[in-house]
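Below is one structure, written out as structure tokens; comments come after it.
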Amino acid sequence: MARAISTRRKVVWTAIAWTLGILIFFPILWTFLTSFKTEAEAIASPPSFLFFDWTTENYAEVQSRSNYFRHFMNSVVISFGSTLLGLIIAIPAAWAMAFSPTKRTKDILMWMLSTKMLPPVGVLVPIYIIFREFGLLDTRTGLVGVLTLINLPIIVWMLYTYFKEIPGEILEAARMDGASLMKEIVYVLTPMAVPGIASTVLLNIILSWNEAFWTLNLTASKAAPLTAFIASYSSPEGLFYAKLSAASTMAIAPIVILGWFSQKQLVRGLTFGAVK
């Protein structure tokens, strides 16, 4: 029997949750508001929150100075491309580790996770040289490849966790009915793990969309995504906070909207198998 929760406790925890949510969201809100200020109001002290002369000149300046659509399309291709390629590699790998483990499976999983602890700058020079020699600098193909490799450990780990929650007897029944390995993965395993796969896809898209280190170091103009678009408004002359905020708002708006409409699916996938 579930333990009853008092109304007072519900109110307290709700207030705490809202407070934490507002604190986390406040930087995004402040960036949005700053994008409608003049440069003088953006650096004014004390700062104004809502009562200032609203203007859209920063967005007009950003649009006239940069090709937003080109950067946006680069981000879309790079994020979705690396996610799709990562899934193609990770689903069979996670299936093998979840349903046909060996004595080295846990060691491999820990090794994959340990690669995320390596500072990116530690491998920048060799990767840059490889990209230069193979003509991958400032290309979407190169960024798709490197972001796939960077996020692959996370994809494999998440899918492995979800697959472990699926009863092996279901796959055994499919084999007894004559299903091949490919059909078992495509028609039995994948549909059952849709919530987990969906949350993995969303998380990987967000990680790829927000990746700045590799996109700034391996691109110049042709394949530059929205992270490079934001960085272009930081110049040696100084930081133009209003225009930088406008560029940041335009860059994060698509992923914020995607996260907002996908939050139920994301929460469902991240808690997949947590309650039995």
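None of the values given here were measured: they were computed from a predicted structure. Hydrogens, waters and symmetry mates play no part in the numbers below; they use all other heavy atoms, side chains included.
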Listed partners of Phe36 passing ring pair (Phe, Tyr, Trp, His ring centres under 6.0 Å), at least two apart: Phe32, Trp54, Tyr59
Nearest atoms (heavy-atom pairs only) where Tyr162 meets Gly196: CE1-O, 3.0 Å
By side chain to side chain contact (heavy atoms under 4.5 Å, CB included) - contacts of Met182 (at least two apart): Ser180, Val186
Any donor-acceptor N/O pair, Glu165 side chain to Ala193 backbone, under 3.5 Å: no
Enclosure of Trp111 CH2 (heavy-atom neighbours >12, cutoff 6.0 Å): no
Salt bridge (charged side-chain N to carboxylate O under 4.0 Å, His left out) partners of residues 82-107, not counting sequence neighbours, each pair once: Arg104-Asp107
Side chain to side chain contact (heavy atoms under 4.5 Å, CB included) partners for Ile16, two or more places apart: Val12, Trp13, Leu20
Polar side-chain atom of Lys37 near backbone of Ser48 as donor-acceptor pair, under 3.5 Å: yes
Phe49 atom CZ: more than 12 heavy-atom contacts under 6.0 Å: yes
Partner residues of Tyr68 under the ring pair (Phe, Tyr, Trp, His ring centres under 6.0 Å) criterion, sequence neighbours left out: Phe229
Selection residues 115-144 - residue pairs positive for side-chain hydrogen bond (donor to acceptor under 3.5 Å, both in side chains), sequence neighbours left out: Asn74-Arg140
Path from Ile28 to Ile230 over hydrophobic side-chain contacts below 4.5 Å: yes
Shortest non-hydrogen separation from Ser82 to Leu147 and the atoms involved: CB-CB, 4.0 Å
Ser64 side chain vs Glu61 backbone, donor-acceptor pair below 3.5 Å: yes
Derivation and outcome, side-chain contact (heavy atoms from CB on, under 4.5 Å), residues Phe80 and Leu84: CA-CA 6 Å; Phe80 284 84; Leu84 178 60; over 6 Å; no
Nearest heavy atoms of Ser199 and Met158, plus distance in Å: OG-CE, 4.1 Å
side-chain hydrogen bond (donor to acceptor under 3.5 Å, both in side chains) partners for Thr83, two or more places apart: Asn204
Shared hydrophobic cluster for Ile166 and Leu109 (ILVMFWY, side-chain gaps under 4.5 Å): no
Heavy atoms of other groups near Phe213 CZ, more than 12 under 6.0 Å: yes
Linked, directly or transitively: Leu137 and Leu124 (ILVMFWY side chains, under 4.5 Å): yes
Same cluster (ILVMFWY, side-chain, under 4.5 Å), Phe52 and Leu29: yes
Leu143 versus Trp214, closest heavy-atom pair with distance: CD2-O, 4.0 Å
Close side-chain approach of Lys164 to Met97, heavy-atom, < 4.5 Å: no
Thr249: partners by side-chain hydrogen bond (donor to acceptor under 3.5 Å, both in side chains), with sequence neighbours left out: none
Residues in side chain to side chain contact (heavy atoms under 4.5 Å, CB included) contact with Leu113, at least two apart in sequence or another chain: Trp157
Nearest heavy-atom neighbours spanning Asn151 and Ser208: ND2-OG, 3.2 Å
Donor-acceptor contact below 3.5 Å, side chain Trp209 vs main chain Ala251: yes
Heavy-atom closest contact (Leu159 atom, Ala90 atom, distance): CD1-CB, 3.9 Å
Nearest-0.5 Å distance that lies between atom CH2 in Trp18 and atom CG in Leu23: 13.0 Å
Residues that Thr227 engages under side-chain hydrogen bond (donor to acceptor under 3.5 Å, both in side chains), provided they are two or more places apart: Thr215
Set of residues satisfying side-chain hydrogen bond (donor to acceptor under 3.5 Å, both in side chains) with respect to Thr38, sequence neighbours excluded: Glu41
Shared hydrophobic cluster, Leu87 / Leu85 (ILVMFWY, side-chain heavy atoms < 4.5 Å): no
Side chain Ser75, main chain Leu226, donor-acceptor under 3.5 Å: yes
Residues which pass salt bridge (charged side-chain N to carboxylate O under 4.0 Å, His left out) with Arg175, listed by chain and number, not counting sequence neighbours: Glu184
